[in-house]
Student: 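Sharing a structure here in structure tokens format.
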2 protein chains.
Amino acid sequence: MTSAPNWLSDEEQRTWRAYLHATRLLEDHLDRQLQRDAGMPHIYYGLLVQLSQAPRRRLRMTELAKNSKITRSRLSHAVARLENNGWVKREDCPSDKRGQLAILTDAGYEVLERTAPGHVAAVRQAMFDRLTPEQADQLGEIMRVMAQGLQPTDAKADLPWLR
Amino acid sequence: MTSAPNWLSDEEQRTWRAYLHATRLLEDHLDRQLQRDAGMPHIYYGLLVQLSQAPRRRLRMTELAKNSKITRSRLSHAVARLENNGWVKREDCPSDKRGQLAILTDAGYEVLERTAPGHVAAVRQAMFDRLTPEQADQLGEIMRVMAQGLQPTDAKADLPWLR
DNA sequence: GCGATCTAGTTCAACTTTCAAGAAGTGTCC
DNA sequence: GGACACTTCTTGAAAGTTGAACTAGATCGC
């Protein structure tokens, strides 16, 4: 990092600022919406959604963490809390004795059934209702590009000179 | 909410999922980058940036909270921590005895000088280097629309029938 | 088979965030 | 000027997150 800093242009700064504002406001908004209506933060709700879409409503912890882009530590705490609520239960993984399966309970499923419509409405109102179809497409493409670039790959894959 | 839920289309779901992934990965990435290089989370760093750009490097707490899209409570805690680090100091507001000014110290300014280039590089690498100029423009416009829709306005302004 | 190494998941302590409550100052209306 | 409502900011406790350390089981190399 010995070269002169490559500062953002005015336009880039405006975009970056808008990105920070929009993402922060939206996450706060959804956190409050779900805390009020479902009694849990947005990310916990997302865990239940993941489980509900998995075969037999169950996933290995690591799998669930990867899908949700959170650390295993955070997931451990989250699942412990959801288990306390009776919305998730754990089982030992039969094929790998280190493994744990997180399983969506019927009670958990019912919470989703009850709260999903309101949540979708909130997402729609904040995002899709305000964007033109073209903008929604653009956003999808942009977010895919960014997500791909940030994906934690095998460290080695990024360091070919070490192979 | 008595009508049938207006579920997201497949395409919308893909976009929403990509949005969640990208924003989560990026925020985590920047948090780690700044925790490592500057010893504070991204949002704290953003507070110092705000202050550095304000006249006389100072802002009223409420102003700073609004600019940064965080609650005043959160800001109180954050500034207390930054004050402990010696990067910010507080002063009473002369014109309003309830008010507090948060002021960037020289030490705080130096932290920014030292760490800003690396942070900008991280932002660039994660976002602007991966997007075409057209996409960057689109993203800016999209984020402005979303932020505007989520702006906590006067409650009354949203409820004209109550005026 | 066995030691070295790697992976899955949890736990602990330190830190951050949230929400509700409260202290203190301002503004308004009469 | 005094009651009332509102704003500013802080505090404290509960909840959530982080990163490192740890246990247990799997896997690799020989």
Side-chain angles (χ1 to χ4, degrees), chain A residues 24-25 27-36 38-47 58-85 88-103 152 154-156, chain B residues 24-25 27-36 38-47 58-85 88-103 152 154-156:
Chain A
R24 215 160 272 169
L25 288 169
E27 186 63 8
D28 280 10
H29 182 63
L30 295 181
D31 262 338
R32 274 179 241 275
Q33 184 262 315
L34 284 168
Q35 194 69 60
R36 172 165 52 77
M40 66 190 125
H42 185 201
I43 203 137
Y44 287 33
Y45 177 90
L47 297 174
R58 66 193 60 207
L59 281 173
R60 283 286 294 271
M61 293 292 279
T62 296
E63 207 57 33
L64 183 48
K66 273 184 194 143
N67 291 353
S68 307
K69 313 296 173 201
I70 64 176
T71 61
R72 277 171 311 167
S73 168
R74 190 176 180 182
L75 180 61
S76 269
H77 290 293
V79 167
R81 197 272 222 185
L82 292 170
E83 198 175 17
N84 264 339
N85 284 305
V88 167
K89 68 184 175 198
R90 291 189 228 224
E91 270 181 26
D92 292 339
C93 174
S95 60
D96 184 338
K97 284 185 191 154
R98 295 167 304 179
Q100 287 280 104
L101 292 165
I103 305 175
D154 273 341
K156 283 179 208 141
Chain B
R24 215 159 272 168
L25 288 169
E27 186 63 7
D28 281 10
H29 181 65
L30 295 181
D31 262 341
R32 275 178 242 277
Q33 184 261 315
L34 284 168
Q35 193 69 60
R36 173 166 51 76
M40 67 190 123
H42 185 200
I43 204 139
Y44 287 32
Y45 177 90
L47 296 175
R58 66 194 58 206
L59 281 172
R60 282 285 294 270
M61 293 292 279
T62 295
E63 207 57 32
L64 183 48
K66 273 185 194 144
N67 291 354
S68 307
K69 313 298 175 200
I70 65 176
T71 61
R72 275 172 312 171
S73 168
R74 190 176 178 181
L75 180 61
S76 268
H77 289 294
V79 167
R81 197 271 222 188
L82 292 170
E83 199 175 15
N84 264 339
N85 284 306
V88 167
K89 67 183 176 198
R90 291 188 229 224
E91 270 180 27
D92 292 340
C93 174
S95 61
D96 183 340
K97 283 186 192 150
R98 294 166 305 180
Q100 287 281 105
L101 293 166
I103 306 176
D154 273 341
K156 281 177 206 143

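Fair warning: this is a prediction, and the values are worked out from it, not measured in the lab. Within every chain, numbering begins at 1; the chains are lettered A, B, ... in the order of the sequence lines, protein sequences first and strands thereafter.
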Student: Under the 3.5 Å rule, do the base of dT7(C) and the side chain of Arg98(A) count as making a donor-acceptor pair?
Tutor: yes
Student: Which nucleotide in the set dG12(D), dG9(C), dG19(D) lies at the smallest distance from any side-chain heavy atom of His77(B)?
Tutor: dG12(D)
Student: Could you give the CG-to-P distance, from Leu34(A) to dT17(C), as a whole number of Å?
Tutor: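 Roughly 20 Å, once rounded to whole Å.
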Student: Could you tell me the separation between the CG atom of Asp31(A) and the C1' atom of dT17(D), rounded to a whole number of Å?
Tutor: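 Spelled out: CG on Asp31(A) to C1' on dT17(D) is 13 Å.
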Student: For Glu27(A) and dG16(D), give me the distance from atom CD to atom P, rounded to whole Å.
Tutor: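 In whole Å, dG16(D) P and Glu27(A) CD are 14 Å from each other.
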Student: Which of the following nucleotides, dT11(C), dC9(D), dG25(D), is nearest to the side chain of Lys97(A)?
Tutor: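 Nearest to the side-chain atoms of Lys97(A), counting from C-beta on, is dG25(D).
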Student: Arg90(B) has a side chain; which of dG25(D), dT8(D), dT10(D) sits nearest to it?
Tutor: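 Of dG25(D), dT8(D), dT10(D), dT10(D) is nearest to the side chain of Arg90(B).
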Student: dG19(D), OP1 or OP2 - any side-chain N/O from Arg32(B) closer than 4.0 Å?
Tutor: yes
Student: Quick one: is Arg60(A) getting a side-chain N or O under 4.0 Å of the dA8(C) phosphate, OP1 or OP2?
Tutor: no
Student: From the set dG16(D), dT26(C), dA8(C), return the single nucleotide nearest to any side-chain atom of Arg72(A).
Tutor: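 My answer, after comparing the listed nucleotides, is dA8(C).
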Student: Show every salt bridge (charged side-chain N to carboxylate O under 4.0 Å, His left out) that has at least one partner inside residues 68-80 of chain A, sequence neighbours left out.
Tutor: none
Student: Round to a whole Å and report the spacing from CG of Leu59(A) to C1' of dA8(C).
Tutor: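 Going from Leu59(A) (CG) to dA8(C) (C1'), I get 15 Å.
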Student: Is the distance from OP1 or OP2 of dT17(C) to the nearest side-chain N or O of Arg74(B) less than 4.0 Å?
Tutor: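 Answer yes for this pair, as a side-chain N or O of Arg74(B) is under 4.0 Å from OP1 or OP2.
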Student: Return the CD1 to CG distance between Ile43(A) and Leu34(A), rounded to the nearest 0.5 Å.
Tutor: 11.5 Å
Student: Mark yes or no for a side-chain to base donor-acceptor pair under 3.5 Å between Ser73(B) and dT17(C), with no hydrogen or angle criteria applied.
Tutor: no
Student: Side chain of Met61(B) only, please: which of dT11(D), dC9(D), dG9(C) is the nearest?
Tutor: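 Nearest to the side chain of Met61(B) among the choices is dC9(D).
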Student: Provide the closest heavy-atom pair for Leu75(B) versus Met61(B) in the form atom of the first, atom of the second, distance.
Tutor: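 Heavy-atom minimum between the residues: CD2-O, 3.0 Å.
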Student: By nearest heavy atom, map Asp28(A) and Leu75(A) onto DNA chain C; which one lands nearer the 5' end?
Tutor: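 Upstream on the strand: Leu75(A).
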Student: Applying a 4.0 Å non-hydrogen cut-off, can you work out what Ile70(B) is touching in the nucleic acid: base, sugar-phosphate, or nothing?
Tutor: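 The residue Ile70(B) makes no contact with any strand.
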Student: Could you tell me how far apart Glu83(B) (CD) and dC9(D) (P) are, to the nearest whole angstrom?
Tutor: 14 Å
Student: Using five pairs at each end of the helix from dG1(C)-dC30(D) to dC30(C)-dG1(D) to define an axis, what is the angle between those two axes, to 10°?
Tutor: 30°
Student: Can you measure from CD1 (Ile70(A)) to NE2 (His77(A)) and round to the nearest 0.5 angstrom?
Tutor: 10.5 Å
Student: So does Arg32(B) pair up with Asp28(B), basic N to acidic O under 4.0 Å?
Tutor: yes
Student: Across the strands shown, which category fits Asp96(A) at heavy-atom distances under 4.0 angstrom: base, sugar-phosphate, nothing?
Tutor: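 It contacts sugar-phosphate atoms only.
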Student: Could you tell me how far apart Gln35(A) (CD) and dA14(D) (P) are, to the nearest whole angstrom?
Tutor: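 It works out to 16 Å between those atoms.
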Student: Could you give the CG-to-P distance, from Asp92(A) to dG25(D), as a whole number of Å?
Tutor: 10 Å
Student: Going by the side chain to side chain contact (heavy atoms under 4.5 Å, CB included) test, name the single residue among Leu82(A), Leu47(A), Ile103(A) that passes it with Val88(A).
Tutor: Leu82(A)
Student: Hey, does Arg81(A) have a side-chain heavy atom less than 4.5 Å from the side chain of Met40(A)?
Tutor: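 Yes; the side chains approach each other to less than 4.5 Å.
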Student: Nearest whole angstrom, please: distance from the C1' of dT18(C) to the NE2 of His29(A).
Tutor: 17 Å
Student: Can you find a side chain N or O atom of Arg36(B) that sits less than 4.0 Å from OP1 or OP2 on dG19(D)?
Tutor: no
Student: For Pro41(B), is there any backbone N or O sitting under 3.5 Å from a side-chain donor or acceptor partner on Asp31(B)?
Tutor: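 No, Asp31(B) side chain to Pro41(B) backbone: no donor-acceptor pair under 3.5 Å.
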Student: By nearest heavy atom, map Leu101(A) and Thr71(B) onto DNA chain C; which one lands nearer the 5' end?
Tutor: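 Mapping each residue to its closest nucleotide by heavy atoms, the 5'-most match is Leu101(A).
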Student: Over all heavy atoms of both residues, which pair between Cys93(A) and Arg60(A) is shortest? Give the atoms and the distance, please.
Tutor: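 What the structure gives for the nearest pair is SG-NH1, 3.4 Å.
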Student: Counting heavy atoms from C-beta on, name the nucleotide in dT10(D), dT18(D), dG16(D) closest to the side chain of Pro41(A).
Tutor: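 So the nucleotide nearest the side chain must be dG16(D).
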Student: Are OP1 or OP2 of dT16(C) and a side-chain N or O of Arg81(B) less than 4.0 angstrom apart?
Tutor: yes
